[in-house]
Amino acid sequence: MPTPPVPVQGSLQEKVWLRLTGLHTRVYRLSGGRLGGTFPGGGKPPILLLDHVGRRSGTPRTTPLIYLDDSPDLVLVASYGGAPKHPSWWLNLRAAPETAVQVGAERRRVRAHEAEGEERERLWPRVVGIYPDYAVYQERAERRIPLVVLSPAA
């Protein structure tokens, strides 16, 4: 089954997606991650809530994302469904890399960096292993999809 394209900015599809994401975030927070803590289908990869601040607006935001546990680090994939541009959450983290995540009921302070070289080579097969569509997204993308490592903040 083909992977659906990323919603077009301002489209009805995007508005519905944003509402569902907001609902997912509220349910996750209220249940301490017991509800909404895994992505449906495909082996049920785990989901965390990433807090970030809009780099232009200064607005606090929360985004539910699939993650790989590479203890003590967490790894995110800035795939945006294979779109030609990076997702806003990654651009926001590049501007302000220190933030917080919620994994289940636990909140953690973290600092983000992009995996490069050997670190990326080690992590890419593992993220594809938990969510195979990442390989499809990379084929579709006109950019190298960043792997974002969230390390415990000091």
Side-chain angles (χ1 to χ4, degrees), residues 1 3-4 6-7 9 13-83 85-116 118-138 145-154:
M1 178 170 140
T3 305
V6 174
Q9 188 172 12
Q13 183 184 13
E14 182 192 45
K15 290 174 186 173
V16 169
W17 178 256
L18 291 174
R19 295 239 182 220
L20 289 173
T21 299
L23 177 62
H24 182 173
T25 299
R26 284 190 297 280
V27 168
Y28 189 111
R29 285 223 198 272
L30 288 171
S31 71
R34 288 185 309 280
L35 299 174
T38 58
F39 190 79
K44 303 217 183 269
I47 293 179
L48 59 70
L49 298 181
L50 172 71
D51 294 332
H52 52 104
V53 176
R55 66 197 176 284
R56 291 187 295 238
S57 68
T59 303
R61 304 183 187 285
T62 301
T63 304
L65 295 165
I66 294 171
Y67 73 94
L68 169 71
D69 187 345
D70 188 46
S71 200
D73 299 333
L74 304 169
V75 182
L76 308 176
V77 182
S79 66
Y80 204 31
K85 62 182 186 174
H86 295 306
S88 294
W89 63 261
W90 172 226
L91 300 175
N92 293 340
L93 282 182
R94 287 192 336 195
E98 293 206 17
T99 191
V101 294
Q102 181 174 340
V103 178
E106 178 189 5
R107 293 199 38 87
R108 303 180 193 179
R109 298 291 311 162
V110 294
R111 181 169 181 80
H113 74 271
E114 183 174 353
E116 298 286 351
E118 283 183 23
E119 184 180 36
R120 181 185 169 77
E121 294 305 313
R122 177 180 64 82
L123 293 170
W124 181 255
R126 293 184 58 206
V127 297
V128 170
I130 64 166
Y131 190 65
D133 280 352
Y134 287 142
V136 175
Y137 298 163
Q138 184 58 79
I145 292 176
L147 295 184
V148 181
V149 178
L150 304 176
S151 299

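Note that the coordinates shown come from a computational prediction; the quantities given were computed from them, not determined experimentally. Index from 1, following the sequence.
- To the nearest 0.5 angstrom, Thr21 atom OG1 is 10.5 Å from Arg26 atom CZ.
- Between Arg61 and Trp89 there is no side-chain heavy-atom pair separated by less than 4.5 Å.
- Nearest heavy atoms, Ser151 versus His113: OG-CE1, 3.9 Å.
- Here Leu74 contributes atom CG and Leu65 contributes atom CG; the two are 11.0 Å apart, rounded to the nearest 0.5 Å.
- Summarising the geometry of Pro146 relative to Glu114, their closest heavy-atom pair is CB-OE2, 3.6 Å, with the distance given to 0.1 Å.
- Closest approach of Tyr131 and Pro45 over heavy atoms only: CD1-CG, 4.0 Å.
- Side-chain contact between Val77 and Ile66 is absent, with no heavy-atom pair separated by less than 4.5 Å.
- Under the 4.5 Å side-chain criterion, counting only non-hydrogen atoms from C-beta, Asp73 is in contact with Pro152.
- Between the CG atom of Leu48 and the CG atom of Leu76 there is a distance of 5.5 Å, given to the nearest 0.5 Å.
- One finds the CZ atom of Arg55 at 8.5 Å from the CZ atom of Arg94 (value rounded to the nearest 0.5 Å).
- Side chain to side chain, Thr62 and Arg29 meet the donor-acceptor criterion of an N or O pair below 3.5 Å.
- For the pair Tyr134 and Trp124, the minimum side-chain heavy-atom distance is below 4.5 Å.
- In this structure, Glu98 contributes its side chain and Ala153 its backbone to no donor-acceptor pair below 3.5 Å.
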Fill in: From CA spacing to verdict: side-chain contact (heavy atoms from CB on, under 4.5 Å), Asp51, Arg107
CA-CA 10 Å; Asp51 294 332; Arg107 293 199 38 87; 2.8 Å; yes
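- Under the rule for a side-chain contact (heavy atoms from CB on, under 4.5 Å), Glu121 has no partner lying at least two apart in sequence or in another chain.
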Discussion item. One pair to check against side-chain contact (heavy atoms from CB on, under 4.5 Å): Leu123 and Val149. What are the steps and the verdict?
Written reply: CA-CA 10 Å; Leu123 293 170; Val149 178; 3.9 Å; yes
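- What you find for Ala112 and Leu150 is that their closest heavy atoms are CB-CD2, 3.7 Å.
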Practice prompt. List the steps and the verdict of side-chain contact (heavy atoms from CB on, under 4.5 Å) for Val128 and Gln138.
Written response: CA-CA 10 Å; Val128 170; Gln138 184 58 79; over 6 Å; no
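- Distance OG1/Thr59 to NE2/His52: 11.0 Å, rounded to 0.5 Å.
- Annotation: ring pair (Phe, Tyr, Trp, His ring centres under 6.0 Å) contacts of Tyr28 (sequence neighbours excluded): none.
- Counting only heavy atoms from C-beta outward, the side chains of Arg122 and Asp70 approach each other to under 4.5 Å.
- Remark: side-chain polar atoms of Glu118 are not paired, donor with acceptor, to backbone N or O of Arg120 under 3.5 angstrom.
- Residues Asp69 and Arg126 approach most closely at O-NH2, 3.4 Å, considering heavy atoms.
- Atom CG of Asn92 sits about 8.5 Å away from atom CZ of Arg56, to the nearest 0.5 Å.
- Listed for the Thr63 side chain is no donor-acceptor partner under 3.5 Å among the backbone atoms of Leu50.
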